[in-house]
Amino acid sequence: MLNVTNWPLPFAHHPAGRPDDPQPLLTWYWLAFTISISAFVIEFAIGREVPFFGVLLHVVGLVPCGFAWLFARALFQRQPTRATWPLVLVGALFLVCLIRYIDRSGATTGWLGYLGHLQVLLGSAVLILTVVEAFDGRDHSTEEQWFRRYFVGGHLSLVAASIVVDLPEFSAEKAAAQAALATIALVGAAAAFRFRCFHPLRSAPKKCIPSNRPASQPALAEAIERSLVDQQAFRNSELKVAELAAMLEQAEYRVSQCIVHDLGYRNFNQMVNTYRIRAAKSLLADPARSDQAILAVALECGFASLGPFNRSFKAQTGMTPSAYRRARQATRTR
């Protein structure tokens, strides 16, 4: 299994061919899909020999198609949202499948029959939605276009093969064939996750700015980034735009304009905190610093206290520093 925690976390830029820090949602949904599919395969291998364990594995592997859809959402959305309705839909599918599994009567009438129809409807919906996620109508690079085509082609091929092996003619080989298809899906998901780590989706281009915007200052923008990346100026908790302007021997208003119009940040504080959080993520993911206090990390990265650090970190990553460190440690031990 891929150990994404050992991949370096970039600051402003990283050399070609180095992976970017994956979105937390993408990582969690990939892990959920991997666990579900692995349970399905392991159940085929040893489920009959250990009945109780086999039941547990079956329950864990009930809705891999649902996790595949959630994984696809995080894989192809530029800014994955934390909307609840996809989780509700997958949860409903899981509940229906669990009830049908517990009943095992195979009833086609009454409320159990309706549940069977609902299971087919929800399962078909998430299979279709997995394909839909790859088409967002935007203009992508050639590499990204081919990636999406391979993903859709692989997904549809696995769905078609699953339908074929479910036919009565293949009943004797059905279980083995399904386990083989699940293994292929597992490998494909790992490859897709790795591709996205190395080829992250960038934010959509900004809208056109009115013609009265200040003139572009590429040299000053490069100098600002160099002061933050090479000189690590952001680690100074007292750093203000005036101090940065003095370091660069530029007028304060020109530095502020460059931060907003050339570098694309809302203001000076957002830019500095972005660099600080990137540095903090790198420290929190470092196994050698697993015992370092969160406050120490905050101070080392330029925050004056723990409260602003926690708020900024959660705003940028969706989780607290402690939760981020635990997630990294859990991924590293798999």
Side-chain angles (χ1 to χ4, degrees), residues 4-12 14 19-32 67 70-71 73-88 90-91 193 196-197 200-204 206 228-229 232-241 259-260 263-334:
V4 299
T5 58
N6 289 332
W7 290 347
L9 304 178
F11 287 89
H14 52 72
D20 208 342
D21 189 30
Q23 289 281 352
L25 280 180
L26 177 64
T27 302
W28 285 116
Y29 288 152
W30 171 64
L31 289 174
F67 291 122
L70 296 176
F71 174 59
R73 279 176 59 82
L75 196 65
F76 296 118
Q77 289 186 6
R78 292 179 185 273
Q79 294 178 332
T81 60
R82 297 179 180 273
T84 57
W85 72 267
L87 295 176
V88 171
V90 174
F193 178 80
R196 181 57 72 225
C197 288
L201 285 173
R202 300 304 180 188
S203 300
K206 293 180 174 60
L228 294 170
V229 177
Q232 304 279 287
F234 63 87
R235 296 185 185 274
N236 176 9
S237 62
E238 300 296 327
L239 183 67
K240 299 292 188 293
V241 66
I259 289 171
V260 174
L263 297 177
Y265 295 98
R266 288 195 305 271
N267 50 46
F268 170 80
N269 287 337
Q270 187 202 28
M271 177 187 71
V272 173
N273 283 344
T274 297
Y275 281 84
R276 289 170 176 168
I277 295 303
R278 287 175 179 168
K281 288 166 66 177
S282 179
L283 295 179
L284 292 169
D286 186 355
R289 293 174 175 257
S290 60
D291 295 330
Q292 186 176 15
I294 298 297
L295 176 59
V297 173
L299 296 177
E300 183 174 346
C301 295
F303 287 93
S305 61
L306 191 58
F309 173 56
N310 284 334
R311 289 192 293 272
S312 297
F313 195 95
K314 189 168 184 179
Q316 289 195 33
T317 66
M319 60 178 68
T320 64
S322 298
Y324 182 86
R325 172 180 277 173
R326 288 195 298 269
R328 286 299 192 175
Q329 290 175 344
T331 307
R332 189 165 55 245
T333 57
R334 294 181 182 277

What are the two closest heavy atoms between Ala279 and Arg235, and how far apart are they? CB-NH2, 4.1 Å
Looking only at heavy atoms, the pair that brings Arg289 and Glu300 closest together is NH1-OE1, 3.0 Å
If you define the side chain from C-beta out and look only at heavy atoms, does anything of [X] sit under 4.5 Å from [Y]?
{"X": "Ile294", "Y": "Arg325", "value": "yes"}
{"X": "Gln292", "Y": "Asp286", "value": "no"}
{"X": "Leu25", "Y": "Leu70", "value": "no"}
{"X": "Leu26", "Y": "Phe71", "value": "yes"}
{"X": "Tyr29", "Y": "Leu75", "value": "no"}
{"X": "Trp28", "Y": "Met319", "value": "yes"}
{"X": "Lys281", "Y": "Phe313", "value": "yes"}
{"X": "Met271", "Y": "Phe234", "value": "no"}

For residues 303-312, please give each side-chain donor-acceptor pair under 3.5 Å, one per line with the distance, not counting sequence neighbours.
residue : atom : partner : partner atom : Å
Ser312  : OG   : Pro308  : O            : 3.0

With rounding to the nearest 0.5 angstrom, report the [atom1] to [atom2] distance, [X] to [Y].
{"X": "Phe268", "Y": "Lys240", "atom1": "CZ", "atom2": "NZ", "result": "7.5 Å"}
{"X": "Arg326", "Y": "Leu284", "atom1": "CZ", "atom2": "CG", "result": "11.0 Å"}
{"X": "Asn273", "Y": "Tyr265", "atom1": "CG", "atom2": "OH", "result": "11.0 Å"}
{"X": "Arg276", "Y": "Leu239", "atom1": "CZ", "atom2": "CG", "result": "6.5 Å"}

Is there a donor-acceptor pair closer than 3.5 Å between any side-chain N or O of Ser290 and the backbone N or O of Pro287? yes
Partner set under side chain to side chain donor-acceptor pair (under 3.5 Å) for Gln270, not counting sequence neighbours: none
